[in-house]
Amino acid sequence: MVPLWSGGVYSDPLKRVISQAKDHQQRGGIPVLSIRLALAAASLVDECRPQGKGVLIPIPSQPRVVRRRGLDFTATLAHQTSRHLSRLGLETQVSQPFSYTRVVHDQSRLATGARQDNLHRSLAVRREPSQGWIVLVDDVVTTGASLKEAYRALTEAGHMVEGMATIATTTLRHGQSAGEMMGHRLPTKASSKLT
């Protein structure tokens, strides 16, 4: 059980900005999205109070997806988020210790249960992450499958994860957000906690 903070709910206009930046090469929204992610990460750090330097670890994209998009979207967000956090006095760096052990399918086309199966034991820690407290970062939490798989890979490799941060969280059909199912919080509901 680790805390998960998101910068907002995955609905318009935030949903549209994410889609345009991620899939339609409209990169102008990335600075705004990284501010949202930094807000979520800063709220997480304010809650957990880790000591020393931090490490942001983005959920990795498949190489074919990076080629299609022309950039590693989540890694780009993580680097910009790290810069925003440094302006808040939180020293962080970005590290990517993961590699895929096999090909996985596009999560956006899969149902909830299939997402878990698709990612099951698909990540391995191939390089030691940079030293410091670890926060996993991603763009959107839908079912939590990607974050859970990254968490599994890191903890099985002996690393402690302080928490998780995303730009947005989806709302499921029954009105509960995906993040709420994972003990999630929104900075917009806890902005007074920011230091």
Side-chain angles (χ1 to χ4, degrees), residues 1-7 34 37-38 40-67 69 71-86 90-108 110 112-169 178-179 181-185:
M1 294 295 293
V2 296
L4 165 64
W5 284 77
S6 290
S34 64
L37 186 55
S43 298
L44 169 69
V45 170
D46 194 55
E47 175 187 10
C48 299
R49 302 285 181 182
Q51 299 299 309
K53 298 178 182 179
V55 181
L56 303 182
I57 298 182
I59 300 300
S61 299
Q62 289 265 351
R64 70 179 188 280
V65 174
V66 174
R67 287 192 298 272
R69 290 178 178 157
L71 88 163
D72 187 329
F73 182 68
T74 313
T76 300
L77 282 170
H79 284 285
Q80 291 200 18
T81 297
S82 181
R83 287 193 285 275
H84 291 310
L85 292 174
S86 71
L90 299 172
E91 190 175 348
T92 60
Q93 58 184 309
V94 178
S95 184
Q96 184 48 274
F98 296 122
S99 66
Y100 281 97
T101 59
R102 57 182 172 79
V103 174
V104 298
H105 301 291
D106 183 355
Q107 290 283 91
S108 66
L110 299 176
T112 301
R115 288 177 180 233
Q116 302 284 350
D117 294 340
N118 181 44
L119 293 178
H120 181 69
R121 303 197 74 82
S122 62
L123 289 177
V125 175
R126 303 291 192 198
R127 293 172 296 280
E128 285 295 304
S130 302
Q131 292 296 310
W133 44 266
I134 293 174
V135 173
L136 287 169
V137 296
D138 203 0
D139 55 349
V140 179
V141 56
T142 303
T143 63
S146 299
L147 290 167
K148 287 176 186 175
E149 173 57 16
Y151 177 83
R152 178 208 60 78
L154 280 168
T155 54
E156 285 187 6
H159 302 288
M160 191 179 88
V161 177
E162 198 71 41
M164 305 170 182
T166 67
I167 299 168
T169 183
M181 294 172 61
M182 298 174 66
H184 148 283
R185 299 159 184 84

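In what follows, every heavy atom counts, from backbone to side chain, and hydrogens, waters and symmetry copies are set aside. We count residues from 1, following the sequence as given.
The two residues Val141 and Ser6 have their closest heavy-atom pair at CG1-OG, 4.0 Å. Closest of all the heavy-atom pairs between Ser122 and Val104 is CB-CG1, 3.6 Å. Contact detail for Pro129 and Ser95: the closest heavy-atom pair is CA-OG, 3.4 Å. Considering every non-hydrogen atom in both Trp5 and Ser43, the closest pair reads CE3-CB, 3.3 Å. Minimum heavy-atom separation, Val55 to Gln131: CG2-O, 3.5 Å. For the pair Ser146 and Asp138, the tightest heavy-atom approach, listed with the atom from each and the gap, is CB-OD2, 4.0 Å.
Taken to the nearest 0.5 Å, the CG atom of Leu136 stands 11.5 Å off from the OG1 atom of Thr166. Once rounded to the nearest 0.5 Å, the distance linking OG of Ser61 with CZ of Phe98 reads 12.5 Å. Here the CG-CD1 distance, from Asp72 to Ile59, works out to 11.0 Å after rounding to the nearest 0.5 Å. We find the CG-CG distance between Leu147 and Leu4 to be 6.5 Å, quoted to the nearest 0.5 Å. Here the CG-CG distance, from Leu37 to Leu85, works out to 8.0 Å after rounding to the nearest 0.5 Å. From His79, atom NE2 reaches atom OG1 of Thr74 across 11.0 Å, with rounding to the nearest 0.5 Å.
The salt bridge (charged side-chain N to carboxylate O under 4.0 Å, His left out) test applied to Asp139 returns Lys22, not counting sequence neighbours. Remark: Arg127 pairs with Gln96 by the side-chain contact (heavy atoms from CB on, under 4.5 Å) rule, at least two apart or across chains. Applying the side chain to side chain donor-acceptor pair (under 3.5 Å) criterion to Thr101, with sequence neighbours excluded, gives no partner residue. Residues forming a side-chain contact (heavy atoms from CB on, under 4.5 Å) with Val45 (at least two apart in sequence, or on another chain): Pro50, Leu90, Trp133.
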Review item, side-chain donor-acceptor pairs of residues 150-160, under 3.5 Å, at least two apart:
unit_1, atom_1, unit_2, atom_2, d
Arg152, NE, Glu149, OE1, 3.1
Arg152, NE, Glu149, OE2, 3.3
Arg152, NH1, Glu156, OE1, 2.8
Arg152, NH2, Leu123, O, 2.8
Arg152, NH2, Glu149, OE2, 2.6
Thr155, OG1, Tyr151, O, 2.9
Thr155, OG1, Arg152, O, 3.2
Glu156, OE1, Arg121, NH2, 2.9
Glu156, OE2, Arg121, NH1, 3.3

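Between Thr81 and the choices Pro58, Ser34, Ser86, the side-chain contact (heavy atoms from CB on, under 4.5 Å) rule is met once, by Ser34.
Between the side chain of Ser82 and the main chain of Thr92, a donor-acceptor pair closer than 3.5 Å is present.
Among pairs with a residue in residues 51-67, those fulfilling salt bridge (charged side-chain N to carboxylate O under 4.0 Å, His left out) read Lys53-Glu91, at least two apart in sequence or across chains.
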